[in-house]
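Since the structure is predicted, the reported quantities are computational estimates derived from the model, not experimental observations.
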Amino acid sequence: MEGGLRFDGGRLCLDLVGTVGGRLGAEPVERLDSPERLRDWLLGSGAVPPGTPLAAVDAAWLARFRAVRDLLHRVVHAEVDGRAADPDLERVNALAVTAPPALKADRGADGTLLRSLAGAPDCGALLGQVARDAVELLTDPAARGQLRRCEGETCSLVYLDTSRGRRRRWCSSEVCGNRERVARHRRRTVGTR
């Protein structure tokens, strides 16, 4: 799981930020390590509809997504800690004005309506979609107030805490929460011996 793609953020932009892992200040774990992984992320995050042909995704797309991911990583973590730098916000705003990919409705084989892109996926349009999601998140006081950094020992993911009571501690109960419970059990077991 350490190098696996994670979709625990609750927002498209946070899921992109989550493609680099590890505790802040430690050696990062790169999860977008190839164009194939970027294709998997685009589909898994819902940035493009299922079945979208992504043959155009190449090393240049990967470099652009990583650059935007690094920018959003700085902005989101700075907002959680206090305040993002204005030059970084200007770069996010510049990306957000790019037109998002146009969607259309198509009939599936069984007659149900399915989402698809109106044209071939465009890297700039997809990056604009992610940046616009970040702008919407960071300018919504209620959503921004739900931003949390995972308390997992080896995790720095930022997620939206939409739990009832807003007391969620981990990005994922199944991953980081389970690690914490196992570590707590081991400490108790060692303490009783």
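With rounding to the nearest 0.5 Å, the separation of CD in Gln146 from OG in Ser163 is 8.5 Å. The distance from atom CD of Glu79 to atom CG of Leu138, rounded to the nearest 0.5 Å, is 5.5 Å. With rounding to the nearest 0.5 angstrom, the CG atom of Asp8 is 12.0 Å from the CG atom of Leu160. Distance check, rounded to the nearest 0.5 Å: CZ of Phe65 to CG of Leu32 gives 9.0 Å. Distance NE2/His73 to CG/Leu14: 11.0 Å, rounded to 0.5 Å. The distance from the CZ atom of Arg39 to the OG atom of Ser34 is 8.0 Å, given to the nearest 0.5 Å.
Residues Val135 and Ala96 approach most closely at CG2-CB, 3.9 Å, considering heavy atoms. Heavy atoms only, all atoms of each residue included: Ala118 and Lys104 are closest at CA-CD, 4.0 Å. Here the closest non-hydrogen pair linking Val57 and Pro35 is CG1-O, 3.7 Å. Asp106 and Ser116 get closest at one heavy-atom pair: OD2-OG, 2.5 Å. Summarising the geometry of Leu157 relative to Gly18, their closest heavy-atom pair is CD2-CA, 3.1 Å, with the distance given to 0.1 Å. In this structure, Trp61 and Asp122 approach most closely via the heavy-atom pair CH2-C, 3.8 Å.
Partners of Asp70 by salt bridge (Lys or Arg N to Asp or Glu O under 4.0 Å), not counting sequence neighbours: none found.
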| field | Test salt bridge (charged side-chain N to carboxylate O under 4.0 Å, His left out) applied to Arg37 and Glu30, step by step | value | CA-CA 11 Å; Arg37 295 283 285 213; Glu30 179 59 66; over 6 Å; no
| query | Yes or no on side-chain contact (heavy atoms from CB on, under 4.5 Å) for Thr52 and Leu42, after CA distance, side-chain angles and deciding distance? | reply | CA-CA 9 Å; Thr52 299; Leu42 288 166; over 6 Å; no
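Hydrophobic clustering (ILVMFWY, side-chain heavy atoms < 4.5 Å, transitive): Val17 and Val20 are in distinct clusters. Leu54 and Leu114 fall into different hydrophobic clusters, where Ile, Leu, Val, Met, Phe, Trp and Tyr residues are linked whenever their side-chain heavy atoms come under 4.5 Å apart, directly or through other members.
Judged by distance alone, the side chain of Arg148 and the main-chain N or O of Gly145 form a donor-acceptor pair under 3.5 Å. Distance alone, capped at 3.5 Å, is enough to place a donor-acceptor pair between the Asp133 side chain and the Cys13 backbone.
Counting heavy atoms from C-beta on, the side chains of Val48 and Leu126 come closer than 4.5 Å. Considering only heavy atoms from C-beta on, Arg149 comes within 4.5 Å of Asp81 through its side chain. Using a 4.5 Å cut-off on side-chain heavy atoms (C-beta onward), Leu113 and Arg107 make contact.
There is no side-chain donor-acceptor pair under 3.5 Å between Ser45 and Asp15.
With Thr19 as the fixed residue, the side-chain hydrogen bond (donor to acceptor under 3.5 Å, both in side chains) test singles out one of Arg69, Arg6, Arg66: Arg69.
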